[in-house]
Structures are given as C-alpha cells and as structure tokens.
Amino acid sequence: MMLRQKGRRLAAVILTAVTAVTAMGGCQSVKTNGAPSLPVQPESLLIVGDSIAEGYMDKTNGETGVDSEACFGALLKKAWNLPDDGYHNNAVSGWTTEDLVNRLDDVTEGVGEPQVIAVSAGGNDVLRPLLRDAELMVTLAGLITGTDGQGPHSVWDSVAEKAKELSGKAAYTAAVDGMKQNLDAVLQSLTRLFPDSFIVVQTLYNPLDRSESLSVAIPLIDKVNAALRETAEKYDRVRILDVAAAFAGHGAVYLSSDFIHPNRTGHERLAGLYEEWWHSETAEASR
C-alpha cells in the first residue's frame, strides 16, 4: 500500500513537471515534427556582407554614411527584442564575396551560435569591374551630364543599351563566376561553423528600376541573382530573401540619393522582409 501511494505521488510530480514545461514551451516556440522547435521570434542575429548590410544611406543630417541605428539589422534587433550579445552587424562597406571568404573568421569570431545569419554580398563583385571600365565610365558620364545633347528619354535608352552590353563582356561574366565560387565557399564555412543556423542570402535589386514608368533592365544583375539562387539551393538551411522582387519598380521610394543604397524606408522594407520570412519559416515548421 505504501509503495502504491509513493508511486502515485511520483507520477503526479512527473505529470506536473511535464505540464509546466509544455505550457512554457507553448508560449515561446512553435512545435516542429521531430525537429527542434523554433521560437516565435529569432533569438540571435549575425549580419555579414557589404555596405547595404552595414547601413550606408542618406542620413537625417543631410550627409551620406553608415547609420547603424537605422539599418535593417538595428530595426530587427528592436522588433525581435534581441539582447546586445545576440545581435552582431559585422558587415563592411565595399566588401566583395572574396573579402568575405578571406575575413570570415574575423566576422564570425565571438558571436556564439546565431539563429539567423543574414548575408548581403555580390554587388561589389560586379561593381569593381564597372569602375575599372574606363570606356564605360566615360560613356556614362556623358549620358548623365547630358553633354551628348540627348534628351532624357534618349539618355535612359542609351543607358539601357549599355546595361545590355555588360552581360556579354568577359570581365563581368568572370566576375559573376568568381562571386558564385566565393559564395559557395562562404556558405560551406558558415554551415560547418553553425550547423543549426538559418542562413539568409539577399538577392540584388536593380537600382535603375525606379518606377513603373522609369525602369532600365540590367541583365547582369539577373545573372548575379541566378548565381545566388543556384548556390543557395545546395544547402538545406540556406534561404533566399527576394529583395529584388520587393524593390522592383520602387527604387525611387526605397533608394538613397546615390541610386545605390537603400534609404531609411528601404531598410524598413528589408527588415519587414526578414520578419515575413521568419513568420513563414515558423508556419512551415509547425505543420
């Protein structure tokens, strides 16, 4: 009889403990079918890459530069209630994917196990050859300043023609190929270092897709994005964040005065895309 009562008391204690754990977990996480549960909001974030990620933009004081409080990472830190030691924006303006390969140890040192790793890279890989293309720079300078005597529509038509030519040049094809190889190396390293992290690779938006009535196609960017997607698809926990689609036709709203970097509104949109992605990730995990 005594043993039976002790057994009942032990069962009651175990049942109470299990109920408490289940109740706490139900408030904080989303159940997955056999996989680790995902919290309603990510608990840590590492950002690596270029000036877009670092937060270079038109600042409120009229200058252009990095605004670490208005970049999408800082906005996510607030929205996701991340602690200071759970948020690391280690992006560096001007970096290419090659820079990221060579300095990956530096940007991942001391960050623990980030639940989400945001990667913004690839734009500078094709921008550097552009800046070294003297003939192209002279042509674009003439178009922008209007010294060739063309009207506005003719100027944009000429820019579109030049953009089309770029995708066929060997230097830019090589740049995309090199970017793809470097990104693959970065993703291999990140998945080895952080096997449980979600890695999110941003696509590259077209800065000349200003509005519905003013848009210049840049096939080279399409090639970059195709390479990003193809590389990301090789890894189970790597996701693509389609920034290109979200910014399409809205460059005049989302980009700074340099026509390259997102402005404050653009960074708000980027942060929103990450929030939308995490919501879909948790929804998928709960099925």
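Every heavy atom of this structure was used, including side-chain atoms; hydrogens, water molecules and symmetry mates were not.
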Open item on the list: Let me confirm one number: the OG1-CD distance from Thr282 to Gln41, rounded to the nearest 0.5 Å.
Closed with: 10.0 Å
Task: Cation-pi geometry met for Arg264 and Tyr254 (6.0 Å, 45°) - done: no
Open item on the list: Looking only at the side chains, is there a donor atom on one of Asp58 and Thr64 sitting less than 3.5 Å from an acceptor on the other?
Closed with: no
Open item on the list: Give me the atom names and distance for the closest heavy-atom approach of Ser93 to Val66.
Closed with: OG-CG2, 4.1 Å
Open item on the list: Between Thr108 and Leu46, is there a side-chain heavy-atom distance shorter than 4.5 Å?
Closed with: yes
Open item on the list: Are the side chains of Pro262 and Tyr205 in contact, using a 4.5 Å heavy-atom criterion?
Closed with: yes
- [ ] Search all heavy atoms of Ile260 against all heavy atoms of Leu255 and return the closest pair with its distance.
- [x] O-CD2, 4.1 Å
TODO: Compute whether any side-chain donor of one residue and acceptor of the other, for Thr203 and Asp242, lie under 3.5 angstrom apart.
DONE: yes
Open item on the list: Are Leu104 and Leu190 packed together at the side-chain level, in the sense that at least one heavy-atom pair is separated by less than 4.5 angstrom?
Closed with: yes
Task: Minimum-distance pair of heavy atoms, taken over all atoms of Leu82 and Pro42 - done: CD2-O, 3.2 Å
TODO: Could you tell me whether the side chain of Trp80 reaches within less than 4.5 Å of the side chain of Tyr87, counting heavy atoms only?
DONE: no
Task: Nearest heavy-atom neighbours spanning Asn206 and Ala217 - done: ND2-CA, 4.0 Å
- [ ] Would you indicate whether the side-chain heavy atoms of Ile199 and Thr191 approach each other to under 4.5 Å?
- [x] yes
- [ ] Please assess Glu276 against Arg269 for the test salt bridge (charged side-chain N to carboxylate O under 4.0 Å, His left out), listing each intermediate value before the final yes or no.
- [x] CA-CA 10 Å; Glu276 291 166 13; Arg269 184 70 184 105; 3.4 Å; yes
Task: Leu214 CG to Asp209 CG distance, which is reported to the nearest 0.5 Å - done: 9.0 Å
Open item on the list: To the closest 0.5 Å, what do you measure between OH (Tyr172) and CG (Leu220)?
Closed with: 8.0 Å
Open item on the list: Test side-chain contact (heavy atoms from CB on, under 4.5 Å) on Leu187 and Thr231; report intermediate values, then the result.
Closed with: CA-CA 9 Å; Leu187 296 181; Thr231 306; 4.0 Å; yes
Open item on the list: Between Arg128 and Thr96, is there a side-chain heavy-atom distance shorter than 4.5 Å?
Closed with: yes
TODO: Determine whether more than 12 heavy atoms belonging to other residues, nucleotides or ligands lie under 6.0 Å from atom CD of Glu230.
DONE: no
Task: Exam field: side chain Asn263 to backbone Gly266, donor-acceptor pair closer than 3.5 Å - done: yes
Task: Same cluster (ILVMFWY, side-chain, under 4.5 Å), Leu273 and Leu76 - done: yes
Open item on the list: Can you confirm whether more than 12 heavy atoms, excluding those of Asn61, are under 6.0 Å from its CG atom?
Closed with: yes
- [ ] Apply salt bridge (charged side-chain N to carboxylate O under 4.0 Å, His left out) to Lys77 and Asp84, showing your working.
- [x] CA-CA 8 Å; Lys77 180 179 186 293; Asp84 289 342; 2.9 Å; yes
Task: Criterion side chain to side chain donor-acceptor pair (under 3.5 Å) against Thr97, the qualifying member of Asn102, Asp125, Asp184 - done: Asp125
Task: Trp277 side chain to Arg239 backbone, donor-acceptor under 3.5 Å - done: no
Open item on the list: For the CD1 atom of Ile52 and the SG atom of Cys71, what is their distance to the nearest 0.5 Å?
Closed with: 12.5 Å
Task: Heavy-atom closest contact (Gly123 atom, Asp50 atom, distance) - done: N-OD2, 4.5 Å
Task: Donor-acceptor pair, side chain of Gln115 and main chain of Ser197, under 3.5 angstrom - done: no
Open item on the list: Test of understanding: clusters of I, L, V, M, F, W, Y form through side-chain heavy atoms closer than 4.5 Å, transitively. Do Val224 and Phe259 belong to the same one?
Closed with: yes
Open item on the list: Pair Val126, Val176 - check side-chain contact (heavy atoms from CB on, under 4.5 Å), show working.
Closed with: CA-CA 7 Å; Val126 294; Val176 175; 4.1 Å; yes
Task: Option among Phe247, Phe72, Tyr56 that satisfies the ring pair (Phe, Tyr, Trp, His ring centres under 6.0 Å) test with His261 - done: Tyr56
Task: Flag for Ser211-His250: side-chain donor and acceptor within less than 3.5 Å - done: no
Open item on the list: So Asp258 and Met57, do their side chains get closer than 4.5 Å, heavy atoms only?
Closed with: no
Task: Asn89 side chain to Ala91 backbone, donor-acceptor under 3.5 Å - done: yes
Open item on the list: Within the 4.5 Å heavy-atom criterion, are Val201 and Val238 side-chain neighbours or not?
Closed with: yes
Task: Derivation and outcome, side-chain contact (heavy atoms from CB on, under 4.5 Å), residues Phe194 and Arg237 - done: CA-CA 10 Å; Phe194 310 116; Arg237 293 182 73 85; over 6 Å; no
TODO: Please report the shortest heavy-atom distance between Val107 and Val111, naming the atom on each side.
DONE: O-CG1, 4.0 Å
Task: Worked verdict on Asp177 versus Lys180 for salt bridge (charged side-chain N to carboxylate O under 4.0 Å, His left out) - done: CA-CA 5 Å; Asp177 290 342; Lys180 185 177 180 181; over 6 Å; no
Task: Approximate separation, where rounding is to 0.5 Å, of Ile218 CD1 and Leu204 CG - done: 8.5 Å
- [ ] Give a yes or no on whether the backbone of Glu212 and the side-chain of Ser215 come within a donor-acceptor separation of less than 3.5 Å.
- [x] no
Task: Thr265 side, atom OG1; His267 side, atom NE2 - distance, nearest 0.5 Å - done: 10.5 Å
